[in-house]
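Below is one structure; the comments refer to it alone.
So you know, we letter chains A, B, ... as the sequences are listed, proteins then strands, and number each from 1. Atom set for the values below is all heavy atoms of this structure, side chains included, hydrogens, waters and symmetry mates excluded.
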Amino acid sequence: MNTSTSTAYPWAKWQESFVTESFAYARRLAQLPTLHQRSQLVKKGATSSTVVYEEDRLKLLHYPGKQPPRHATPLVIVFALVNRPYILDLKEGRSVVNHFVERGFDTYLIDWGSPTYADRHLTIDDHVNGYISNVVDFVRERAGTPQASLLGYCMGGTMSAMFTALHQDRVKNLILLATGIDFSTREGLLNLWARPEYFDVDKFVEAFGNCPAEFLQMSFLMLKPVQNLLEKPLNFFEKADDPVAVNDFLTLETWLNDNIPVAGEVYREFVKYLYQQNLLVQNKMPVGKHIVDLRKITCPVLNIMAKADDLVPCAQSMPFNDLVSSRDRKSIAIAAGHIGLAIGGKAQRDVWPQTCDWLAERS
Amino acid sequence: MNEEQDGTNQPAEQWMAFQRIWGETFSKMMQLGLTFSPDSAPPDFMRQMRSGIFQALGQSWEQFLRSPEFMQAMKQSMDSAIAFRKATNDWFSKVQHETQTVSRDDIDAVMLTVRHMETRVLDRLEELAARLDEVTGHDKGNGRHSAAAAQHEPAAQTRAQKTRSK
């Protein structure tokens with residue numbers, strides 16, 4: 001330790017800091033008992049919507065906006081099967097949906113609902129050639145257009161890519177957001193943990209039926225255990241006396257803990273065919289009776305990736321543009337995480353306006 | 001599979017890997033202590049120390065979570081959980097059968113039967129639609145629908161539409 005400069009910060013300054021921090025600490029502690037009550041007041045979803053279509057547990061939300069749509073082609077947002085979709089409409093100033101609505105797109109969002117044990121036999125085919133197909137047909141009929149644009153997030157993006165490859169005639173534009181396509185990378189921990197020598201997905205699904213929400217939650221937590229279990233609570237405590245920061249934290253935490261199970265057969269197919277055998281990128285992915293060939297995708301594609309994504313590493317999304325036959329292909333990669341790509345400040349300022357511009361030119 | 005290698009060595013290897021990780025973490029933390037100057041303001045100094053410690057911890061944990069020892073431990077834990085769950089399921093099924101009530105396995109069997117029937121019916125409808133397309137000269141697509149057929153298809157071809165509202 002360098003003692004010669006100790007006179008620059010005499011003992012009094014340290015003492016003063018200690019007293020100030022103690023008062024700040026007490027102020028933050030005083031906020032803690034109100035946290036539970038404040039968390040109950042968190043609103044799920046910011047933009048007004050109506051349910052226009054239902055099928056089994058699926059609900060299709062329509063965001064009418066204040067003005068009639070300015071673009072002919074409707075946009076269907078396909079969320080993942082893990083967690084709830086309101087992350088894309090989290091709060092004012094942090095809403096992907098609102099960007100599209102404000103720019104005049106006729107916007108729809110698929111809420112998959114929460115599968116029960118009765119849904120354990122649902123497959124990727126049921127979702128792609130069943131639910132998504134019916135939703136797209138409904139939206140096309142409602143909007144009076146032959147095609148719709150799709151935006152898929154994470155697993156929803158993977159399913160949107162499969163749907164587009166199988167039904168290209170019905171898709172005008174395809175936007176993928178943090179979407180896993182090539183699962184051969186060993187960057188992500190999930191890719192390592194899902195290896196067949198360490199994880200027998202058949203036995204898992206046979207024993208548990210659906211993949212439990214708690215199991216998924218624990219897996220995601222363990223991707224960054226120090227950050228999630230130590231750093232995050234401490235950082236939150238430091239801002240516990242800032243109502244805006246607390247509201248942001250509680251809103252995001254509400255979503256993070258609002259987990260749902262994944263239907264057993266879908267989970268089995270995702271793990272086996274994608275994570276373990278990586279069939280999609282080889283154009284051998286079976287969906288029902290059909291094989292998905294990504295080369296059949298010819299519509300304009302926009303591939304949005306997060307460089308600091310631990311769940312779906314950039315390397316898992318990046319190859320997509322080279323696998324399709326589209327001439328109009330674009331990628332955007334930003335320094336953000338899996339969720340920050342949707343709701344982060346940089347994404348809200350740069351990515352979503354850019355995406356709206358791209359889609360407006362092609363709608 | 002590594003059943004032949006299971007034995008007394010595995011827990012010891014896992015423990016050694018865990019120890020190694022913690023040893024590296026502490027040495028990184030010690031290095032952090034030497035780089036910081038006491039001239040910085042106290043709260044900032046403490047936050048920087050904390051951030052450095054968490055960074056060192058995070059890196060070490062990342063390495064550990066990728067190690068074969070951790071993944072082997074995870075596999076054992078998963079296998080145990082699956083075996084326990086299966087044993088519980090089997091026991092409950094047995095109890096329910098003995099008391100002549102319906103068990104989850106019975107419901108599963110019925111559901112699977114219904115699904116197979118549904119799949120056969122839908123596949124048959126798809127074949128008929130394809131033949132109709134051939135006869136009427138419409139465009140064919142993959143899957144259960146195509147752009148042209150979608151305009152003319154009967155409602156029965158779409159999957160279980162319980163509610164549709166505008």
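Salt-bridge formation is detected for the pair B:Arg47/A:Glu238: a Lys NZ or Arg NE/NH1/NH2 atom is positioned less than 4.0 Å from an Asp or Glu carboxylate oxygen.
Among residues two or more places apart in sequence or in another chain, the ring pair (Phe, Tyr, Trp, His ring centres under 6.0 Å) test is passed with A:Tyr25 by A:Phe237. Considering only residues two or more places apart in sequence or on other chains, B:Phe64 meets the ring pair (Phe, Tyr, Trp, His ring centres under 6.0 Å) condition with B:Phe18, B:Trp61, B:Phe70.
Counting heavy-atom pairs under 4.5 Å between each of A:Phe208, A:Phe199, A:Phe163, A:Phe204 and chain B puts A:Phe208 at the top. The candidate with the highest count of non-hydrogen atom pairs below 4.5 Å against chain B, out of A:Leu60, A:Val287, A:Leu189, is A:Leu189. For the set A:His62, A:Gln227, A:Lys289, A:Lys203, the entry with the most heavy-atom pairs within less than 4.5 Å of chain B is A:Lys289.
For a residue to count as touching a neighbouring chain, one of its non-hydrogen atoms must lie under 4.5 Å from one of that chain's; by this rule A:Leu58 does not touch chain B. With a 4.5 angstrom heavy-atom cutoff, B:Met71 touches chain A via backbone and side-chain atoms both. For B:Asp108, the parts lying under 4.5 angstrom from a heavy atom of chain A are both the backbone and the side chain.
If you take OG on B:Ser51 and CG on A:Asn235, they are separated by 8.5 Å, rounding to the nearest 0.5 Å. Between A:Arg195 atom CZ and B:Lys75 atom NZ the span is 13.0 Å, to the nearest 0.5 Å.
For the pair B:Met111/A:His121, a side-chain contact is recorded, criterion being any heavy-atom separation below 4.5 Å from C-beta on. Within the 4.5 Å cutoff, the side chain of A:Tyr117 has no heavy atoms near those of the B:Ile107 side chain.
Between A:Tyr198 and B:Gln72 the shortest heavy-atom distance is CE2-OE1, 3.5 Å. Across every non-hydrogen atom of A:Ala207 and B:Ile82, the tightest pair is CB-CG2, 3.9 Å. Closest heavy-atom contact between A:Trp193 and B:Leu65: NE1-O, 3.2 Å.
The list of salt bridge (Lys or Arg N to Asp or Glu O under 4.0 Å) pairs with a residue in residues 51-68 of chain B, not counting sequence neighbours, reads B:Glu62-B:Arg66.
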TODO: Tell me, with the steps shown, if A:Asp126 and B:Arg115 meet side chain to side chain contact (heavy atoms under 4.5 Å, CB included).
DONE: CA-CA 11 Å; A:Asp126 291 314; B:Arg115 259 197 80 82; 2.7 Å; yes

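Annotation: A:Lys232, atom NZ; neighbour count of heavy atoms from other residues, nucleotides and ligands within 6.0 Å is above 12.
Of residues 213-220 of chain A, those residues lying under 4.5 Å from chain B by any heavy-atom pair are A:Phe215.
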